[in-house]
Protein chains: 2
Amino acid sequence: MSIMSSQPKYQRRKEDRPQEIADAAFAAFAEKGYAATRIDDVAKRAGISKGLTYLYYKTKEDLFKAVVKNVVVRRVDTLIGNVESTNLSSEDFLRGPLLDFMKQVPGSPIAIVIRLLISEGPRHPDLVDYYYENVVARGLGAIRQFVTRGVERGEFHRDALQYQPHLFLAPMMLSMIWRLIFADKPLDTDQLMESQIEMLLAQLKA
Amino acid sequence: MSIMSSQPKYQRRKEDRPQEIADAAFAAFAEKGYAATRIDDVAKRAGISKGLTYLYYKTKEDLFKAVVKNVVVRRVDTLIGNVESTNLSSEDFLRGPLLDFMKQVPGSPIAIVIRLLISEGPRHPDLVDYYYENVVARGLGAIRQFVTRGVERGEFHRDALQYQPHLFLAPMMLSMIWRLIFADKPLDTDQLMESQIEMLLAQLKA
DNA sequence: ATAGTTAATGACTGGTGAGTCAGTAATGTC
DNA sequence: GACATTACTGACTCACCAGTCATTAACTAT
């Protein structure tokens, strides 16, 4: 019929599989949600057989947790890291890097993780704790730190700290949820976040 | 063994069943989410057999849509209605009834509906549209109306309208999501909303 | 080459749950 | 009381899918 193929049917790639599977799973979860995603779909996306998935992840739930942690460490960790090492004035930091960071979150994989946490979180409390400690607590901490610094430098007045750091993030949250639910309905989310930062700065300044 | 029971095994209650089933379904969805809820669970909660559910709702998806619409009309409709008929000054309205409304939303069934929309919305676009028109658009409209009135009366300055009504609701949104994910971690959500309203009023006032 | 190791396959199983429907009994009507 | 109507039951089907495992074939060492 034809010349014998010297192409092997598959290659063994022990090193890369876990990451590839996690990426495929993330894409699948993003599209259909956790419950509606079949392990078979994930395998197809990753270009492997269903069985192989189970060599690297014991259960579907294991895979789920790995996916969330994977996104968290890959994205947020570095971003928050950068942010912590700047030495801008408090005001410039809040208006600059923080605002930029906020603007890009609603369209990032973090939004997908939030969706997954909202729908599946109640059945994975350890995952929720992990996310709280590694993302939320650190994020809020970073903001609080910059407000504190602003007070120390006299840029902000003494009782500026009464404003909870959550207030900075509220419009980001709304933008994220808006996009998750009403993907098509337009909303100038950047404008929203800018207004909030300006408003807060006006309140904080001495 | 005993005196013959004259108690019938069941009563026919054609009128009440649909509502009872919807209530049971809402409770079940709230607890376990849409995908993880079995029709059998819903039936047990409603005190009926599984088969009867299908007499009143053709499919599980039908039931889901009915549940969401049911909650929406029963709760939000009346609330927004009340709000629209007050004749307080703009400032008093925003600080009073609006704030009160916002404070109780994160703990109300609306939060559950939001959770369901976030996780199942993408597969039910018509439901999303329904929700947008009947809740979101009307809610935002009501706020915009009060800001406009404030400008007309000279309470707020001319360009107060540049502030999107979404900004009022952002902390409410954050509080809601926070509770949905981190039910146990405390957060003074009332304080958050109060600060935001005060901040916005400070910006709006002439 | 050859044998040994193990990454990878894919057919299979067991459990589950949405949706069906033949039968039952509550209620209405005369 | 007898008959007709239909709300309601519960056992059943059938498709689907997480997880298993015997087998295959890609790689490695010698």
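In what follows, chains are A, B, ... by sequence order, proteins preceding strands, each numbered from 1. If you're wondering where the values come from, they're calculated on a predicted model, not measured in any experiment.
- Rounded to whole Å, the distance from CG on A:D62 to P on D:dT20 is 11 Å.
- In this structure, a donor-acceptor pair under 3.5 Å is absent between the side chains of B:T148 and B:E152.
- Rounded to whole Å, the distance from OH on B:Y54 to C1' on D:dA11 is 15 Å.
- Residue B:L63 contributes atom CG, which lies 15 Å from atom C1' of C:dG17 at whole-angstrom precision.
- Taking the ring axis of A:F64 as reference, the NZ or CZ atom of A:K69 does not stay both within 45° of it and closer than 6.0 Å to the ring centre.
- Contact annotation: B:K14 reaches the phosphate of D:dA7 (side-chain N/O to OP1 or OP2, under 4.0 Å).
- Per the geometry, NZ belonging to A:K44 stands 18 Å off P belonging to C:dA8, to the nearest Å.
- Distances shown here put a side-chain N or O of A:R17 below 4.0 Å from the OP1 or OP2 atom of C:dA8.
- Dashed line: the shortest gap from a side-chain N or O of A:Y56 to OP1 or OP2 of C:dA8 is under 4.0 Å.
- The base of C:dG19 sits with one of its N or O atoms less than 3.5 Å from a complementary donor or acceptor on the side chain of B:K50.
- Considering only side-chain N and O atoms, A:R12 lies nowhere under 4.0 angstrom from the phosphate OP1 or OP2 of C:dA8.
- Taking atom CD1 on A:I39 and atom P on C:dC12, their separation rounds to 21 Å, with Å as the unit.
- Geometrically, A:K60 engages A:Y34 in a cation-pi contact, judged by NZ or CZ lying under 6.0 Å from the ring centre and within 45° of the ring axis.
- Distance, B:L52 CG to C:dC21 P: 17 Å, rounded to whole Å.
- If you take CD of A:E15 and P of D:dC27, they are 13 Å apart, rounded to a whole angstrom.
- The closest side-chain donor-acceptor pair between A:D23 and A:Q19 falls under 3.5 angstrom.
- Rounded to whole angstrom, the span from the CG atom of A:D41 across to the C1' atom of D:dC17 amounts to 10 Å.
- Residue A:T53 is classed as having no contact, given no heavy-atom separation below 4.0 Å to the nucleic acid.
- For A:Y10, the listed nucleotide lying nearest its side chain is D:dA26; candidates were D:dC8, C:dG19, D:dA26.
- The aromatic rings of B:F93 and B:F146 lie parallel to each other, with less than 30° between the two planes, well short of the 60° mark.
- Taking 3.5 Å as the limit, the base of D:dA26 and the side chain of A:K9 contain no donor-acceptor pair of atoms between them.
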